[in-house]
Amino acid sequence: MNTLHTGARRRVLLAISSLASLASFALPALMVLAPASASAQVFPTRTIRIVAPFTAGGGTDLVARTLAEGMAKELGQPVIVENKPGGGTVIGSDMVAKAPGDGYTLLLTTSAHAINTSLVKNLPYSTDKSFTNVALVGRGPNMLVTRADSPYKTIKDVVAAARANPGKLTYGSSGNGTAVHLAGELFKMMGKVDLTHVPYRGAGPAYTDLLGGQIDFVFATAAGVGKFVESGKMRAIAVTSTARSPQWPLVPTMAESGLPGYEADVWYAVFASGGTPPDVVAKLNAAVRKATEAPVFRTRVESEGLVAAVGTPQELATYVRSEEARWRKVVVEGKVTID
């Protein structure tokens with residue numbers, strides 16, 4: 001009996017030892033899996049910050065603040081906007097690039113994000129690696145405008161005059177390296193014309209000089225010049241989007257005006273810091289989508305000439321890569337610099 005009792009006890013001890021060994025192997029795997037699922041369950045637990053790399057009061061600021069309102073309702077935590085202008089969006093973007101990848105610091109930026117990759121030397125971050133794609137927010141057109149009393153009414157008029165007088169016609173923009181400057185350079189390349197670019201420190205002075213007769217045209221955001229077009233002070237020659245704008249349905253696109261394939265949309269997108277967990281990104285993407293579906297958001301972005309267009313993070317990644325390639329070609333072939 002004692003022998004049997006001892007043998008049984010040994011078998012029990014061996015079974016316990018085997019279970020302990022299995023647990024020792026399973027525990028690390030569980031520990032690896034736990035943070036990913038836990039991050040989704042608890043995120044967010046505090047205020048989320050959206051960095052807008054532009055001055056307060058502009059179009060990007062308006063989009064960011066309207067988006068923040070909707071996201072806060074969806075996520076159940078405050079979402080604030082912090083304006084960090086400077087360096088052609090580089091200063092604000094760098095803040096987000098260097099923030100922890102936890103989903104609490106976001107970037108709401110524009111097509112400058114893709115343009116700067118080839119335009120700005122020695123960027124302090126990697127456009128591809130320092131950010132996590134969250135969602136495209138919306139897209140809209142830029143616009144080529146002239147004075148109401150200008151002889152130029154169509155793209156064909158502009159191209160004909162530019163070819164007859166190389167370098168004599170001028171176009172203004174809000175600054176070297178801006179999206180509207182690049183829209184003008186793309187026009188020069190595709191139209192095979194020579195226009196002289198006149199950069200300004202901001203859009204306002206460019207509008208003033210156009211109205212005063214100091215320059216012939218301005219490439220600008222549709223939202224920026226829309227009020228001048230509506231009041232009859234400026235004439236809209238064409239929009240730069242692939243389709244006509246719902247806000248200005250009578251204004252033709254560049255493509256249908258003789259430049260097939262021309263596209264120079266302005267777009268807004270949300271990025272998180274690099275390394276943000278996929279489950280947190282999914283929550284942020286869903287919150288952006290819900291925010292853009294709200295009537296107040298659609299009303300406000302429509303005033304900026306935008307159309308809400310939220311997709312998946314993967315779709316944003318593909319879109320940004322295509323935009324980087326598009327503008328790299330313009331920067332290189334047009335010898336565009338920001339010096």
Side-chain angles (χ1 to χ4, degrees), residues 53-54 60 85-94 96-97 107-144 171-199 219-221 238-242 253-255 259-274 306 309 311-339:
F54 294 89
T60 307
T89 73
V90 172
I91 292 176
S93 298
D94 192 41
V96 178
L107 176 69
L108 187 284
T109 191
T110 67
S111 34
H113 188 73
I115 292 171
N116 284 341
T117 302
S118 53
L119 183 65
V120 180
K121 296 179 181 179
N122 302 316
L123 273 176
Y125 52 79
S126 166
T127 305
D128 297 328
K129 297 178 181 178
S130 300
F131 303 93
T132 301
N133 298 287
V134 175
L136 184 69
V137 175
R139 299 170 62 178
N142 293 306
M143 189 180 283
L144 175 62
Y171 80 92
S173 79
S174 54
N176 272 328
T178 58
V180 286
H181 173 204
L182 272 290
E185 292 301 311
L186 181 62
F187 173 76
K188 288 168 58 176
M189 288 175 55
M190 296 187 67
K192 298 179 180 179
V193 295
D194 182 13
L195 301 177
T196 297
H197 175 228
V198 182
F219 273 90
T221 63
V239 291
T240 65
S241 48
T242 55
T253 66
M254 289 278 191
L259 295 178
Y262 184 99
E263 180 183 358
D265 279 353
V266 59
W267 50 264
Y268 296 92
V270 175
F271 301 86
S273 304
L306 296 176
T312 67
Q314 292 74 24
E315 287 170 339
L316 174 58
T318 301
Y319 182 63
V320 171
R321 284 195 294 270
S322 69
E323 286 287 279
E324 287 175 351
R326 176 202 305 279
W327 296 120
R328 184 177 295 109
K329 179 179 176 65
V330 175
V331 169
V332 173
E333 294 187 13
K335 298 179 180 179
V336 179
T337 67
I338 55 175
D339 299 330

Are Glu324 and Arg321 within salt-bridge range, i.e. N to O under 4.0 Å? no

Those residues at least two apart in sequence (or on a different chain) that pass ring pair (Phe, Tyr, Trp, His ring centres under 6.0 Å) with Tyr319 are Trp267

In terms of heavy-atom contacts, Met190 and Gly261 come closest through CE-C, 3.8 Å

In sequence, state the C-alpha distance, the side-chain angles, and the governing distance for Thr242 and Thr253, and then conclude on side-chain contact (heavy atoms from CB on, under 4.5 Å). CA-CA 7 Å; Thr242 55; Thr253 66; over 6 Å; no

For the student: nearest non-hydrogen atoms of Gly177 and Leu119, plus distance: CA-CD2, 3.3 Å

Keeping the roles fixed (side chain from Asn142, backbone from Phe219), state whether a donor-acceptor pair exists under 3.5 Å. no

Restricting to pairs with a member in residues 128-139, which pass salt bridge (Lys or Arg N to Asp or Glu O under 4.0 Å), not counting sequence neighbours? Arg139-Glu263, Arg139-Asp265

Residues Thr89 and Thr109: side-chain donor-acceptor under 3.5 angstrom: no

From Tyr268 OH over to Leu108 CG, what is the distance, rounded to the nearest 0.5 angstrom? 8.5 Å

Working to the nearest 0.5 Å, report the span between CG of Leu107 and OG of Ser130. 11.5 Å

Can you find a pair of side-chain heavy atoms, one from Asn116 and one from Thr127, that are under 4.5 Å apart? no

With side-chain contact (heavy atoms from CB on, under 4.5 Å) as the test, would you mind laying out the steps for Met189 and Val330 before giving the verdict? CA-CA 8 Å; Met189 288 175 55; Val330 175; 4.1 Å; yes

Looking at Ser111 and Val266, what are the two nearest heavy atoms and their distance? OG-CA, 4.1 Å

Nearest-0.5 Å distance, CG of residue Leu144 to CE of residue Met254: 4.5 Å

Rounded to the nearest 0.5 Å, the CG atom of Leu182 sits from the NZ atom of Lys329 at a distance of 13.5 Å

Tell me, please, which residues at least two apart from Phe271 pass ring pair (Phe, Tyr, Trp, His ring centres under 6.0 Å). His113

Take Glu185 and Tyr171, measure what side-chain contact (heavy atoms from CB on, under 4.5 Å) needs, and give me the verdict at the end. CA-CA 10 Å; Glu185 292 301 311; Tyr171 80 92; 2.8 Å; yes

If we only count heavy atoms from C-beta on, is the Asn176 to Thr337 side-chain gap below 4.5 Å? no

Under 4.5 Å between any side-chain heavy atoms of Pro124 and Val90, yes or no? yes

Closest non-hydrogen contact found for Phe131 with Ser126 is CD1-O, 3.8 Å

Hey, are the side chains of Val332 and Ser118 touching, using non-hydrogen atoms and a 4.5 Å cut-off? no

So, the side chain of Thr240 versus the backbone of Met143: is there a donor-acceptor pair under 3.5 Å, distance only? no

Residue pair Thr117 / Arg328, side-chain heavy-atom distance below 4.5 Å: yes

Check Ala317 against Asn133 and note the closest heavy-atom contact, atom names and distance. CB-ND2, 3.4 Å

Where do Gly140 and Leu306 come nearest, in terms of heavy atoms and distance? N-CD2, 3.5 Å

From Thr312 atom OG1 to Glu315 atom CD, the distance as rounded to the nearest 0.5 Å: 3.5 Å

Once you round to the nearest 0.5 Å, how far does NZ of Lys188 lie from OG1 of Thr196? 7.0 Å

Using modelled atom types and a 3.5 Å cut-off, is there a donor and acceptor pairing between side-chain atoms of Tyr262 and backbone atoms of Ala183? yes

